[in-house]
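Working notes, beginning with the structure itself.
These numbers were taken from a predicted model, which means no experiment stands behind them. No hydrogens, no waters, no symmetry mates; every other heavy atom, side chains included, goes into these values.
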Amino acid sequence: MSDTIFTGCIPALMTPCKADRTPDFAALARKGRELVDAGMSAVVYCGSMGDWPLLTDEQRMQGVEALVEAGVPVIVGTGAINTKSAVAITAHAARVGAAGLMVIPRVLSRGSSVAAQKAHFSAILEAADGLPAVIYNSPHYGFETRADLFFALRADYPNLIGFKEFGGAASLSYAAEHITSGNDDLTLMVGVDTQVFHGFVKCGATGAITGIGNALPKEVLHLVSLCKAAAEGDSEARVKARELEEALMVLSKFDEGVDLVLFYKYLMVLNGDEEYSLHFNETDALTAPQQAFVEEQYRQFKTWYANWAA
């Protein structure tokens with residue numbers, strides 16, 4: 001699939017803070033523009049990386065508008081505490097010119113109910129006004145969308161075109177085998193930084209949504225390019241993709257943990273982006289050993305990459 005927003009490499013943006021710990025939407029738009037200019041095909045806002053549970057619906061809408069006004073193709077996360085809020089966020093995204101939707105399951109209330117999730121997804125897709133959408137599939141939300149539900153939804157909403165798969169290698173393989181393969185109208189997005197090679201080479205993924213790509217856009221774009229070439233049978237690219245993914249692995253694994261935003265904001269600060277130094281909750285902070293660990297691993301990777309890519 002090449003004619004959709006859900007291709008290439010797409011960073012899931014974090015929300016920078018002002019000194020008073022309110023969102024800095026001007027900085028958000030600058031970073032989105034910078035990453036697209038660096039070669040990213042679009043951005044995601046507001047997924048878990050964007051701290052959606054910590055923002056009001058109005059703040060999230062402000063962030064979407066700032067990105068759209070900056071000319072940044074933006075895929076909007078629909079995560080919400082209830083379906084009514086998710087629908088409002090979706091309708092706003094369609095109204096202001098967002099490029100797509102990342103549809104997040106219903107959480108906390110009846111989250112394991114297939115019937116409840118179908119109703120939740122249907123309400124969002126109905127409000128999408130035709131915007132292309134992928135389901136954010138993740139066991140961390142307490143629900144995994146299977147093939148029967150996906151195709152039941154797609155029968156009514158053809159703008160549902162695939163998955164952003166965060167469930168790991170097994171879930172990527174399931175989606176490829178049972179849902180997205182053999183249909184050029186469907187797309188599979190790698191949704192976790194540790195599975196880029198597996199997703200592209202072994203599952204036919206067409207894109208990747210990345211966390212570490214916020215801090216290392218050049219290197220992650222390089223990885224995606226190598227994985228695409230490897231998927232076409234390039235043996236040298238296959239070896240190099242494996243090497244690069246392994247070298248990134250410690251930094252990429254932060255994407256799998258509860259402190260992912262803390263780690264990736266800190267990497268942004270190490271890059272000189274001081275607007276990422278604060279979090280919305282004052283008590284959210286890396287420990288001194290965590291900071292030292294990420295500093296050493298970042299230094300090690302940057303040194304390795306400079307020598308490897310030379």
Side-chain angles (χ1 to χ4, degrees), residues 1-2 4-13 34-44 49 162-177 180-181 184 187-257 260 263-264 266-268 270-271 293-310:
M1 176 177 275
S2 60
T4 171
I5 195 66
F6 293 103
T7 56
C9 191
I10 301 173
L13 296 183
E34 177 187 319
L35 288 166
V36 169
D37 289 344
M40 300 294 184
S41 52
V43 302
V44 165
M49 285 283 290
F163 275 96
K164 184 258 192 185
E165 183 54 74
F166 192 83
S171 294
L172 277 163
S173 295
Y174 172 86
E177 181 178 350
T180 56
S181 294
D184 290 340
T187 187
L188 178 61
M189 302 293 293
V190 181
V192 58
D193 285 322
T194 56
Q195 298 296 333
V196 177
F197 181 91
H198 181 83
F200 277 97
V201 178
K202 299 186 178 183
C203 300
T206 58
I209 295 176
T210 176
I212 187 61
N214 284 278
L216 291 167
K218 179 179 74 173
E219 295 84 348
V220 172
L221 284 164
H222 191 182
L223 174 60
V224 168
S225 177
L226 288 170
C227 288
K228 287 181 176 179
E232 294 298 321
D234 185 327
S235 59
E236 182 177 351
R238 189 182 185 100
V239 172
K240 292 182 73 67
R242 285 285 207 184
E243 291 175 351
L244 180 50
E245 185 169 73
E246 190 281 329
L248 269 168
M249 192 56 65
V250 171
L251 302 176
S252 294
K253 280 187 73 67
F254 296 144
D255 195 28
E256 298 178 350
L260 77 167
F263 277 115
Y264 289 149
Y266 191 59
L267 288 179
M268 302 291 278
L270 294 179
N271 282 347
F293 177 70
V294 73
E295 287 168 10
E296 171 55 25
Q297 290 297 319
Y298 198 43
R299 181 204 63 76
Q300 183 186 114
F301 172 77
K302 295 284 279 188
T303 302
W304 174 88
Y305 184 82
N307 291 324
W308 180 79

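Taken from CG in Leu172 to CZ in Phe166, the straight-line distance is 11.0 Å, to the nearest 0.5 Å. Atom-to-atom distance recorded for Ile212:CD1 and Leu260:CG is 10.5 Å, nearest 0.5 angstrom. With rounding to the nearest 0.5 angstrom, the CG atom of Leu270 is 12.5 Å from the CZ atom of Arg299. Note: Thr4 OG1 to Asp184 CG = 12.5 Å, rounded to the nearest 0.5 Å. If you take OG1 on Thr210 and CD1 on Ile10, they are separated by 10.5 Å, rounding to the nearest 0.5 Å. One finds the CE atom of Met189 at 7.0 Å from the OG1 atom of Thr7 (value rounded to the nearest 0.5 Å).
Summarising the geometry of Ile209 relative to Ala12, their closest heavy-atom pair is CG2-CB, 4.1 Å, with the distance given to 0.1 Å. Summarising the geometry of Leu244 relative to Leu226, their closest heavy-atom pair is CD2-CD1, 4.2 Å, with the distance given to 0.1 Å. Taking each heavy atom of Val224 and Cys9 in turn, the nearest pair found is CG2-SG, 4.0 Å. When every heavy atom of Phe197 is checked against every heavy atom of Cys227, the shortest pair comes out as CA-SG, 3.6 Å. Summarising the geometry of Pro11 relative to Ala42, their closest heavy-atom pair is CD-O, 3.1 Å, with the distance given to 0.1 Å. Taking each heavy atom of Ala241 and Leu223 in turn, the nearest pair found is O-CD1, 3.6 Å.
The side-chain hydrogen bond (donor to acceptor under 3.5 Å, both in side chains) contacts involving residues 244-257 comprise Thr194-Glu256, Lys253-Glu256, where partners must be two or more places apart or lie in separate chains.
Using a 4.5 Å cut-off on side-chain heavy atoms (C-beta onward), Leu216 and Leu248 make contact. Side-chain contact check for Phe293 versus Val250: some heavy-atom pair is nearer than 4.5 Å. The closest side-chain heavy-atom distance from Trp304 to Phe301 is below 4.5 Å. Within the 4.5 Å cutoff, side-chain heavy atoms of Gln300 are placed close to those of Gln297. Between Val190 and Glu165, the closest side-chain pair of non-hydrogen atoms is not below 4.5 Å. Residues Val44 and Met49 have side chains not in contact (no heavy-atom distance under 4.5 Å, counting atoms from C-beta outward). Counting only heavy atoms from C-beta outward, the side chains of Ser173 and Lys202 never approach each other to under 4.5 Å.
The aromatic rings of Trp308 and His222 sit tilted relative to each other, their planes meeting at an angle between 30° and 60°.
With hydrogens and angles ignored, the 3.5 Å screen pairs a side-chain donor or acceptor of Tyr264 with a backbone N or O of Leu251. No donor-acceptor pair closer than 3.5 Å links the side chain of Ser181 to the backbone N or O of Glu177.
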* **From CA spacing to verdict: side-chain contact (heavy atoms from CB on, under 4.5 Å), Thr187, Thr180** => CA-CA 6 Å; Thr187 187; Thr180 56; over 6 Å; no
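Partners of Ala38 by side-chain contact (heavy atoms from CB on, under 4.5 Å), not counting sequence neighbours: none found.
Heavy-atom contacts from other residues, nucleotides or ligands closer than 6.0 Å to CD of Glu232 number 12 or fewer.
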